[in-house]
Novice: 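One structure, pasted below without further comment.
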Amino acid sequence: MAGGIRVRFAPSPTGHLHIGGARTALFNWLFALHNRGRFILRIEDTDTTRSTDEYIEAIIQGMTWLGLDWDEGPFRQTDRFDIYRGYVDRLITEGKAYYCYCSSEELEARRQEAMALGRPVMYDGRCRGLKEPVAGVTPVVRFRMPQDGHTIVHDLIHGVVEFDNAHLDDLIILRSDKTPTYNFTVVVDDVDMRITHVIRGDDHLNNTPKQIQMYRALGYEIPKFSHLPMILGADKTRLSKRHGATSVMAYKEMGYLPDALINYLVRLGWSYGDQEIFTRDELVRHFSFESVGKAAAVFNPEKLLWLNSQYIMKSSPETLAEQVVPFLVNEAILAEGDIVDKGWLAKAVKTLQERSKTLVELASSLRYYFADPAAYDEKARTKFLNDKGLQLLAELRSSLNELHDYTHDGIEKIFSAIVERHGIKLGAIAQPVRVALTGGTVSPGIFEVIEIIGKETTIRRIDKAIAAGPE
RNA sequence: GGUCCCAUCGUCUAGCGGUCUAGGACGUGGCCCUCUCAAGGCUAAAACACGGGUUCGAUUCCCGUUGGGACCGCCA
């Protein structure tokens with residue numbers, strides 16, 4: 001019966017796909033794949049004033065970039081209003097829902113008052129027994145909650161959670177503009193789409209007993225629930241823009257790899273022994289709610305960055321070369337439409353992989369493979385492009401010029417000869433060359449750099465350094 | 001304020017009564033490697049919130065306290 005599992009990710013398009021939503025989507029996706037079930041994408045856009053098509057597009061983009069592919073959908077709740085109204089009518093007919101004529105202003109005032117008096121903040125049910133409509137008022141429809149007894153939520157992560165029905169209030173299921181509200185549509189859709197497991201953030205745990213009552217009123221089977229712990233910012237409050245980038249696509253722009261983000265997100269709440277790095281297959285194979293924790297997790301950008309560096313290190317140079325191109329354009333190292341020799345780029349990328357934590361960093365480090373240094377780092381220049389350094393550079397230049405075996409090994413031999421002849425350390429010549437070629441004191445191994453830059457360019461840059469003279 | 005959830009190093013976590021002088025990872029410090037920077041290796045500092053029980057024995061089970069979070073909307 002494993003094939004019967006159906007889960008869904010149900011974001012509301014009132015913003016971009018954010019870190020928390022992505023983690024929820026990821027756990028749904030993993031659970032579906034692990035159980036050979038179906039993963040459904042449903043857009044909860046019943047709040048027509050805040051939902052936009054742009055955000056729907058943004059969410060889809062985020063999911064796509066992360067590789068969280070869905071089997072059905074995206075469905076939009078705004079396409080299903082007729083369905084919800086049918087269910088509302090049915091509940092009214094059966095006396096399980098009723099019209100409420102209280103205005104939102106009145107309601108708000110009562111809420112304030114209750115809050116101030118320290119009384120429970122909930123609807124008092126004053127329209128429950130109304131027989132006649134109130135003239136001139138378009139009513140909302142409220143769901144009639146049971147007032148005694150208990151509702152038990154069986155949660156795959158939290159176990160048994162019990163709620164006293166006295167604390168459940170008659171929530172609005174149909175607004176005065178005849179649009180349905182979340183707590184109702186979510187139930188109708190989960191039933192309609194035959195969702196077997198509701199996996200969402202634990203900020204929904206308190207809504208669950210209300211939803212369970214609606215399943216019952218509708219006469220439907222109750223799905224299994226899994227309420228995932230929240231992701232918090234460094235100050236332990238709910239993750240938000242104040243904590244930095246929260247949109248998934250912002251991480252793409254900052255040069256993160258989707259696999260790295262996925263790996264980071266999955267470890268926020270889930271673990272598998274001491275393992276930190278997982279392939280997607282491993283994730284799918286090992287995922288289980290038994291190893292999902294209950295405590296909220298603080299989002300730690302440093303660890304994400306480390307993971308990203310690990311993924312960059314493990315990527316193939318060819319793939320990375322492909323991925324870095326847009327970032328080279330951003331850095332103005334390449335122009336849009338420039339043709340690059342991908343084989344050559346891959347070689348250059350290879351030297352920088354273990355030195356770059358993001359694609360942005362990689363692109364920026366790649367600069368000196370493309371262009372002569374615009375200037376020399378001042379400190380580097382005084383330290384290494386002095387008389388002695390320049391003299392060694394001149395010697396190196398002529399050896400290099402006559403070198404036929406222009407490879408890493410051939411280049412190394414030349415350096416060895418110079419080092420031996422002068423009885424100096426390799427650094428004494430390597431650093432001046434590094435400054436001449438890259439403009440600074442930091443780069444991959446100098447033989448590799450010289451090889452990749454090529455003889456002509458190398459000699460030109462050495463000549464430029466010599467021409468610039470000692471500072 | 002009410003309801004619900006949660007609680008191991010700064011952070012993510014392992015631990016599912018004895019194996020814990022509490023393990024791993026990020027970050028931080030030191031050392032090694034070394035043409036610079038990284039990467040890598042080794043190493044150090046760093047936690048079971050507190051108080052009661054239960055038990056021969058609690059980080060692990062129960063209760064309370066404290067602390068944190070979420071929800072309480074004609075938002076989702």
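Numbers restart at 1 for each chain; the letters A, B, ... are given by sequence-line order, proteins then strands.
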Novice: What is the pairing partner of B/C16, taking Watson-Crick or G-U wobble pairs with both distances under 3.5 Å in any strand?
Specialist: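 None - no nucleotide pairs with B/C16, as no candidate has both distances under 3.5 Å.
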Novice: Would you tabulate the pairs of protein nitrogen or oxygen atoms and nucleotide nitrogen or oxygen atoms of nucleotides 7-13 of chain B closer than 3.5 angstrom?
Specialist:
from	atom 1	to	atom 2	distance (Å)
B/U11	OP1	A/Lys236	NZ	3.4
B/C12	OP1	A/Val298	N	2.9
B/C12	O2'	A/Arg267	O	2.8
B/C12	O2	A/Lys303	NZ	3.4
B/U13	OP1	A/Gly269	N	2.5
B/U13	O3'	A/Ser271	OG	3.3

Novice: Under 3.5 Å, is there a donor-acceptor pair between the A/Asn308 and A/Thr358 side chains?
Specialist: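 Side-chain D/A pair, A/Asn308 to A/Thr358: absent.
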Novice: Please confirm whether the backbone N or O of A/Arg461 pairs with a side-chain atom of A/Asp372, one donor and one acceptor, at under 3.5 Å?
Specialist: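 A pair under 3.5 Å: no.
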Novice: Can you check the distance between B/U8 and B/G69, where both ends of the measurement are the P atom (answer in whole Å)?
Specialist: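 Their P atoms lie roughly 15 Å apart.
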Novice: If we take the C1' atom in both B/A7 and B/A49, what is their distance in whole Å?
Specialist: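 Their C1' atoms lie roughly 8 Å apart.
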Novice: With sugar-phosphate meaning primed atoms plus P, OP1 and OP2, does A/Pro209 contact a base, only sugar-phosphate, or nothing at under 4.0 Å between heavy atoms?
Specialist: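 No contact at all - A/Pro209 keeps every heavy atom at 4.0 Å or more from the nucleic acid.
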Novice: Please give, in whole Å, the distance from B/C33 P to A/Lys425 NZ?
Specialist: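 Going from A/Lys425 (NZ) to B/C33 (P), I get 12 Å.
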Novice: Among all residues two or more places apart in sequence or in another chain, which pass the side chain to side chain donor-acceptor pair (under 3.5 Å) test with A/Arg280?
Specialist: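 Expected list: A/Asp259.
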Novice: Does the structure place the NZ or CZ of A/Arg23 under 6.0 Å from the centre of the six-membered ring of A/Phe27, at an angle of no more than 45° from the ring's axis?
Specialist: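 Positive - A/Arg23 is close enough to the ring of A/Phe27 and near enough to its axis.
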Novice: Distance check needed: B/A76 P versus A/Phe75 CZ, whole Å only.
Specialist: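 My rounded result for the distance is 20 Å.
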Novice: For nucleotides 40-45 of chain B, list the nitrogen or oxygen atoms of the protein found under 3.5 Å from its nitrogen or oxygen atoms, one pair per line.
Specialist:
from	atom 1	to	atom 2	distance (Å)
B/G40	OP1	A/Gln310	NE2	3.4

Novice: Need one value for A/Thr237: base, sugar-phosphate or nothing, where a base atom within 4.0 Å counts as base even if backbone is also close, heavy atoms only.
Specialist: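 Sugar-phosphate only.
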Novice: Say you pick atom P in B/C20 and the same atom in B/A38; how far apart are they, in whole Å?
Specialist: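 B/C20 and B/A38 have their P atoms separated by 37 Å.
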Novice: Base, sugar-phosphate, or nothing: which does A/Asn207 touch, judged by heavy atoms less than 4.0 Å apart?
Specialist: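 Base contact.
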Novice: What's the gap between B/A22 and B/U66 when it is taken at their C1' atoms, as a whole Å value?
Specialist: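 Nearest-Å result for B/A22 against B/U66 at atom C1': 24 Å.
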Novice: When the C1' atoms of B/G23 and B/A47 are considered, how many whole Å apart are they?
Specialist: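 That atom pair is separated by 12 Å.
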Novice: Taking atom C1' in both B/A39 and B/C50, what distance in whole Å separates the two?
Specialist: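 Straight-line distance between the two C1' atoms is 44 Å.
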Novice: A/Glu162 near the nucleic acid: base, sugar-phosphate alone, or nothing, with a heavy-atom cut-off under 4.0 Å?
Specialist: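 It contacts sugar-phosphate atoms only.
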Novice: Base, sugar-phosphate, or nothing: which does A/Leu205 touch, judged by heavy atoms less than 4.0 Å apart?
Specialist: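 Sugar-phosphate, backbone atoms only, no base.
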Novice: Just by modelled atom types, is the A/Pro258 backbone N or O under 3.5 Å from a matching donor or acceptor in the A/Tyr311 side chain?
Specialist: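 No.
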Novice: Students often get this wrong, so: under 4.0 angstrom with heavy atoms, is A/Phe163 touching a base, only sugar-phosphate, or nothing?
Specialist: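 Since only primed, P, OP1 and OP2 atoms lie under 4.0 Å of A/Phe163, the category is sugar-phosphate.
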Novice: Using a heavy-atom cut-off of 4.0 Å across all strands, would you classify A/Val140 as base, sugar-phosphate, or nothing?
Specialist: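 The answer is base, as A/Val140 lies within the cut-off (heavy atoms under 4.0 Å) of a base atom.
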Novice: Between A/Leu171 (CG) and B/A76 (P), how many Å, whole number?
Specialist: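 Between P of B/A76 and CG of A/Leu171: 11 Å.
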Novice: Would you state whether a donor and an acceptor, one from the side chain of A/Ser176 and one from the base of B/C74, lie under 3.5 Å apart?
Specialist: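 For A/Ser176, whose side chain was compared with the base of B/C74, there is a donor-acceptor pair (under 3.5 Å).
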Novice: Sort out the partner of B/U11 for me: Watson-Crick or G-U wobble, both distances under 3.5 Å, none otherwise.
Specialist: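 Matched B/U11 with B/A25 under the 3.5 Å cut-off.
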Novice: List, one per line, each side-chain donor-acceptor pair under 3.5 Å for residues 136-147 of chain A, sequence neighbours excluded.
Specialist:
from	atom 1	to	atom 2	distance (Å)
A/Arg142	NH1	A/Asp170	O	2.6
A/Arg144	NE	A/Gly95	O	2.9
A/Gln147	OE1	A/Arg128	NH1	2.9

Novice: Give a yes or no answer on whether the side chain of A/His204 reaches the backbone of A/Gly201 with a donor-acceptor pair at less than 3.5 Å.
Specialist: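 No.
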Novice: For A/Asp189, does its backbone N or O pair with a side-chain atom of A/Tyr84 as donor and acceptor, under 3.5 Å?
Specialist: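 No.
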Novice: Do A/Asn183 and A/Thr181 have side-chain N/O donor and acceptor atoms under 3.5 Å apart?
Specialist: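 No pair is found: no donor N or O on one side chain lies under 3.5 Å from an acceptor on the other.
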Novice: Closest approach to the side chain of A/Val442, judged atom by atom: which nucleotide of B/A76, B/C37, B/G1 is it?
Specialist: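 Closest nucleotide to the A/Val442 side chain: B/C37.
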Novice: Taking only N/O atoms, report every protein-nucleotides 58-61 of chain B pair under 3.5 Å with atom names and distance.
Specialist:
none

Novice: Work out how far the C1' atom of B/G64 is from that of B/U54, and round it to whole angstrom.
Specialist: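 Those two atoms are separated by 15 Å.
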Novice: Rounded off to whole Å, could you give me the CG-to-C1' distance for the A/Asn263 and B/A25 pair?
Specialist: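 About 11 Å, once rounded to whole Å.
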Novice: What is the distance from CD1 of A/Ile212 to P of B/C4, rounded to the nearest Å?
Specialist: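 Computing the A/Ile212:CD1 to B/C4:P distance gives 15 Å.
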Novice: Look through every strand shown and name the nucleotide pairing with B/U59 as Watson-Crick or G-U wobble, where both distances are under 3.5 Å.
Specialist: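 Base-paired to nothing in any strand shown.
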Novice: Want to settle it: does A/Asp164 or A/Leu426 sit nearer the 5' end of RNA chain B, counting the closest nucleotide to each?
Specialist: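 Of the two residues, A/Asp164 wins.
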Novice: Can A/Asp190 and A/Arg42 be counted as an ion pair, charged N to O under 4.0 angstrom?
Specialist: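 Result for this pair is yes, salt bridge flagged.
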Novice: What is the distance, to the nearest angstrom, from the CG atom on A/Asp235 to the P atom on B/A70?
Specialist: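 Computing the A/Asp235:CG to B/A70:P distance gives 10 Å.
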Novice: Pick out which of A/Thr185, A/Thr78, A/Thr52, A/Thr14 makes a side chain to side chain contact (heavy atoms under 4.5 Å, CB included) with A/Asp45.
Specialist: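 The single option meeting the side chain to side chain contact (heavy atoms under 4.5 Å, CB included) with A/Asp45 is A/Thr78.
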Novice: Send over the distance from A/Lys210 NZ to B/A76 C1', rounded to a whole Å.
Specialist: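 Answer to the nearest Å: 13 Å.
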Novice: Has A/His158 got a side-chain N or O lying under 4.0 Å from the OP1 or OP2 atom of B/C6?
Specialist: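 Answer yes for this pair, as a side-chain N or O of A/His158 is under 4.0 Å from OP1 or OP2.
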Novice: Would you indicate, yes or no, if B/U36 has its OP1 or OP2 atom less than 4.0 angstrom from a side-chain nitrogen or oxygen of A/Arg355?
Specialist: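 Indeed not, no polar side-chain atom of A/Arg355 lies that close.
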Novice: Whole Å only: how far is the CG atom of A/Leu117 from the P atom of B/G1?
Specialist: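 Checked: the CG to P distance equals 14 Å.
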Novice: Given B/G73, is OP1 or OP2 found less than 4.0 Å from the side-chain N or O atoms of A/Arg111?
Specialist: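 So the side chain of A/Arg111 is within the cut-off, an N or O lying under 4.0 Å from OP1 or OP2 of B/G73.
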Novice: Of the candidate nucleotides B/C35, B/G1, B/A76, which contains the atom at the shortest distance from the side chain of A/Thr181?
Specialist: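 The closest nucleotide is B/A76.
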Novice: For A/Asp47 and A/Tyr182, does a side-chain donor sit closer than 3.5 Å to a side-chain acceptor?
Specialist: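 No, no side-chain donor-acceptor pair sits under 3.5 Å.
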Novice: Would you mind classifying the nucleic acid contact of A/Lys357 as base, sugar-phosphate or nothing, using non-hydrogen atoms under 4.0 angstrom?
Specialist: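 A/Lys357: backbone/sugar contact only, no base atoms under 4.0 Å.
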Novice: Among residues at least two apart in sequence or on other chains, which ones pass salt bridge (Lys or Arg N to Asp or Glu O under 4.0 Å) with A/Lys303?
Specialist: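 Partners of A/Lys303 under the salt bridge (Lys or Arg N to Asp or Glu O under 4.0 Å) test: A/Glu276.
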Novice: Nearest to the side chain of A/His167, heavy atoms from C-beta on, is which of B/C74, B/U36, B/U3?
Specialist: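 For the A/His167 side chain, the nearest candidate turns out to be B/U3.
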Novice: Between A/Asn386 and A/Lys383, is there a donor-acceptor pair closer than 3.5 Å when you use the side chain of the first and the backbone of the second?
Specialist: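 Yes.
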Novice: Quick one: label A/His227 by what it contacts on the DNA or RNA (base, sugar-phosphate, nothing), any heavy atom closer than 4.0 Å.
Specialist: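 No contact.
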Novice: Quantified in whole Å, what is the C1' atom distance between nucleotide B/C72 and nucleotide B/G24?
Specialist: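 After rounding to an integer number of Å, I get 40 Å for this pair.
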Novice: Tell me whether the OP1 or OP2 atom of B/A76 has a side-chain N or O from A/Thr46 closer than 4.0 Å.
Specialist: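 Affirmative; the distance criterion is met.
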Novice: Under 4.0 Å between a side-chain N or O of A/Lys383 and OP1 or OP2 of B/U36?
Specialist: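 Looking at the OP1 and OP2 atoms of B/U36, neither is under 4.0 Å from any side-chain N or O of A/Lys383.
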Novice: Please pick, from B/A14, B/A70, B/A39, the nucleotide with the shortest atom-to-atom distance to any side-chain atom of A/Asn206.
Specialist: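 Taking heavy atoms from C-beta onward, the closest nucleotide is B/A70.
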Novice: Is it the case that atom CG in A/Asp148 sees more than 12 heavy atoms from other parts of the structure closer than 6.0 Å?
Specialist: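 Not more than 12 within 6.0 Å, no.
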